[in-house]
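One structure is given here, and the rest of the page talks about it.
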Protein chains: 2
Amino acid sequence: MPRVSCPKCNKVETIQKSGIVRNKQRFYCKDCNYNFTIHHESNKQKSKSKISNSLQTSLQDIAKAIGISVSTVSRALHNHPDISSKTKTAVQKLANELSYQPNALAQSLVTKSTHTLGVIIPNLETTFFSSMLSGIQHVAAKAGYRVVICQSDESHRTEVANVQALMNNMIDGLLLCHTLKTDTYDHIKIQMKRGIPIVQFYRVNNEVATSRVFCEDEKGAELITQHLIDKGCKRIALLLGPKEINISQKRKKGYLKILAKNKMVEDPELIAHVDFSQAEVVKAVDKWLALSKPIDAIFSISDKSAVQVIQYLKKKKISVPNTISVAGFGNEYTGEIIEPQLTTFDVKTVNIGEEAAKILLEKIINQDTSVKDITVKGKLIVRSSSMKK
Amino acid sequence: MPRVSCPKCNKVETIQKSGIVRNKQRFYCKDCNYNFTIHHESNKQKSKSKISNSLQTSLQDIAKAIGISVSTVSRALHNHPDISSKTKTAVQKLANELSYQPNALAQSLVTKSTHTLGVIIPNLETTFFSSMLSGIQHVAAKAGYRVVICQSDESHRTEVANVQALMNNMIDGLLLCHTLKTDTYDHIKIQMKRGIPIVQFYRVNNEVATSRVFCEDEKGAELITQHLIDKGCKRIALLLGPKEINISQKRKKGYLKILAKNKMVEDPELIAHVDFSQAEVVKAVDKWLALSKPIDAIFSISDKSAVQVIQYLKKKKISVPNTISVAGFGNEYTGEIIEPQLTTFDVKTVNIGEEAAKILLEKIINQDTSVKDITVKGKLIVRSSSMKK
DNA sequence: TTGTACGCGTTATCAG
DNA sequence: CTGATAACGCGTACAA
């Protein structure tokens, strides 16, 4: 038996083994009537090495410096009513001097709340999604929540990785706008079991039962189409995004509905699906320009592509709007800058962000697990790109 | 004495007190030679309530389900070579079934690393900063780091709050681009003591000794100014940002240097400071238009404002570039869309982001605390807004 | 009014 | 190959 001395009286001869607790030998000092186990380091050594270990001040550091317990420091810093004002001021003063900053990780580990919302958006190439962000941040800040943003870069893999990363206890709730390529939703389904609320916005999917915020996809497409017809357009080409995504489908539906209403026949040749890349847009337009029965309007369901269309037509010396009218969808900043200015449907991006954040916060704060669908009202914006003379 | 029974043999009569450990009464069972204390809940109850407590699967849950220890589970999941392939597969299978996701908070608390970079940018109103983000994300992703973004919204208070929030152990390093209004830097100085590396980019300050990434502010301004002079401009108005910020000062310096070089006199009336808001820009232009000695060029140190200038001049039926040439700085997307297209200095936003991220990662990975200044090379881009006929 | 003890979910260090 | 245990830094019943 190793030479063991009693931590209280330091005697050696009075020690006897007293069974094993949790695989550790317990000792008993007959003299002091004291049970103890041997630690690898003595407490004294520990407390020494602790202080200067990290560059970050901890509650421990403050507690030791003043000579009080950690919990008192914690409470003092939180302005707990039980703590005497004397200790409070002492603690707060020292905390300031040491520029104490709580370890958010440790806090969240205990409280199970980070006061942070996660947002995943496809891209920041245009100001389209970033203005949604503004709406989100505005609402979140009011409620005392932080916002962290991840860009999925229109890559499904990145979206999945971001969802995972954020949901691993970094955030209290997730706002999600899918990539154009997202076609499986298992990454969401898995996460939904964890009880962290999720809200899909703008580009949403029906497979997963989260709350959702839409814009007026169908209604907007109807208004745009009707407007073009009112301005005398007879052959309106439709530039859609990928077939699978909700947005393409709903806006196409609105377009077709209005064609039917005006007794115009649907021509499959006039409908193109693109990934919104410049190359595909140009290809689609070229195909239309080559048709024997010429088109007199192009309705793009994305402002970004509508701008590209205008630029391309201008390059080809085709008059917009007189030969071909152009309309977009979304109301992006660039639509105001291009010449002619772009007729479009304002989906109210800021409002979409606001609504999404509101719903999410409600879920978080009230532990509301209901599923809500909200549609944000938009507005037709007529500019010169569709005003044939 | 309350009725205490031995946890091992359940006998009561064999129990005797055996001193107090950490303020808790210890008991000793003579029969089993076993020391123990009374917990408020029995272990059995605890382990029961543990399992279904949270919606999130923990290592504990897996360990208990299989009947092995937490550490083994942890190692199995990390593919530690010590673990038998049998247990590995068992663990991994169960982990999958329970859709186990590690708690990133707890992980980081132990490892002191989040594998996350924080970025704070002033705004996302234009694509200027978001393209820097792309550069950052690209480099970060390659190194296996995540990126979280906070928008300071050009508000000093929000910047300070964001810095604090992120630095509280959420990130391994910070990339920072100040707001236009940031004029105190204590919030940075405090954080620098914590040993988390910080890199300032684009809008940087000299007061704080972090590494910095610049664009060619002075050189770019020189090139633009000289280009305007070469095109025949004699009275070049200069639209600057706030006086205090580095960028304004350095670009002004470049402008003045070229004036001097060309033996042109500096006219204080031709230099305006704005906050880049539409209102202030218009006001400045109006003032210039009212001068008795008319101007023939406007050099804005921000593309955003340059676009606003062009739009305003067009509205006033003033020909750009023939009456007044316009040049910007930055090379934003909108400069390609406006008509006439904007002459500008491409600061290579993507490269700035890449360089900043590279430096930061180097600091993190090699614990490099040196201070580096890097200037990213840019390029003059001549378009029609400055091509007088 | 303050301190003790415990737990949050991990990883790391020993000790078998 | 596996398990026990001690951190990580904090919040909080409970005890005193």
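Throughout, a chain's letter reflects where its sequence line sits, starting with A, and its residues are numbered from 1.
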Looking only at side-chain N and O atoms, does [X] come under 4.0 Å of OP1 or OP2 in [N]?
{"X": "A/Ser58", "N": "D/dG9", "result": "no"}
{"X": "A/Thr72", "N": "C/dT2", "result": "no"}
{"X": "A/Gln107", "N": "D/dG11", "result": "yes"}

Where the side chain of A/Ser74 is concerned, which of D/dG3, D/dG11, C/dG9 is the nearest nucleotide?
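Looking only at heavy atoms from C-beta outward on A/Ser74, the closest nucleotide is D/dG11.
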Nearest-nucleotide pick for B/Thr111, side chain only, options being C/dT10, C/dT11, C/dT2
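Closest nucleotide to the B/Thr111 side chain: C/dT11.
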Would you please say whether a donor-acceptor pair under 3.5 Å links the side chains of [X] and [Y]?
{"X": "A/Gln92", "Y": "A/Lys88", "result": "no"}
{"X": "A/Ser69", "Y": "A/Thr72", "result": "yes"}
{"X": "A/Asp172", "Y": "A/Ser113", "result": "yes"}

May I ask you to test the A/Leu117-A/Ile171 pair for a side-chain heavy-atom distance under 4.5 Å?
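With C-beta onward as the side chain, the pair stays apart.
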For DNA chain D, find the residues of residues 80-93 of chain B with a heavy-atom distance under 4.0 Å and give them by number; none if there aren't any.
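Result for residues 80-93 of chain B: B/Pro81, B/Asp82, B/Ile83, B/Ser84, B/Thr87, sorted by number.
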In whole angstroms, how far is the P atom of D/dC14 from the CZ atom of A/Arg75?
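Going from A/Arg75 (CZ) to D/dC14 (P), I get 13 Å.
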Whole Å only: how far is the NZ atom of B/Lys112 from the P atom of C/dG9?
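Taking atom P of C/dG9 as the reference, NZ of B/Lys112 is at 19 Å.
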Quick check, are the ring centers of A/His156 and A/His178 under 6.0 angstrom apart?
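No, too far apart.
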Could a donor-acceptor pair under 3.5 angstrom be found where the side chain of A/Ser71 meets the base of C/dT2?
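Counting by modelled atom types and ignoring angles, no donor-acceptor contact under 3.5 Å is found here.
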Looking at B/Lys189, I'd like to know if its NZ atom is crowded, meaning that more than 12 non-hydrogen atoms belonging to other residues, nucleotides or ligands lie closer than 6.0 Å.
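Yes, the 6.0 Å shell around NZ holds more than 12 heavy atoms from other groups.
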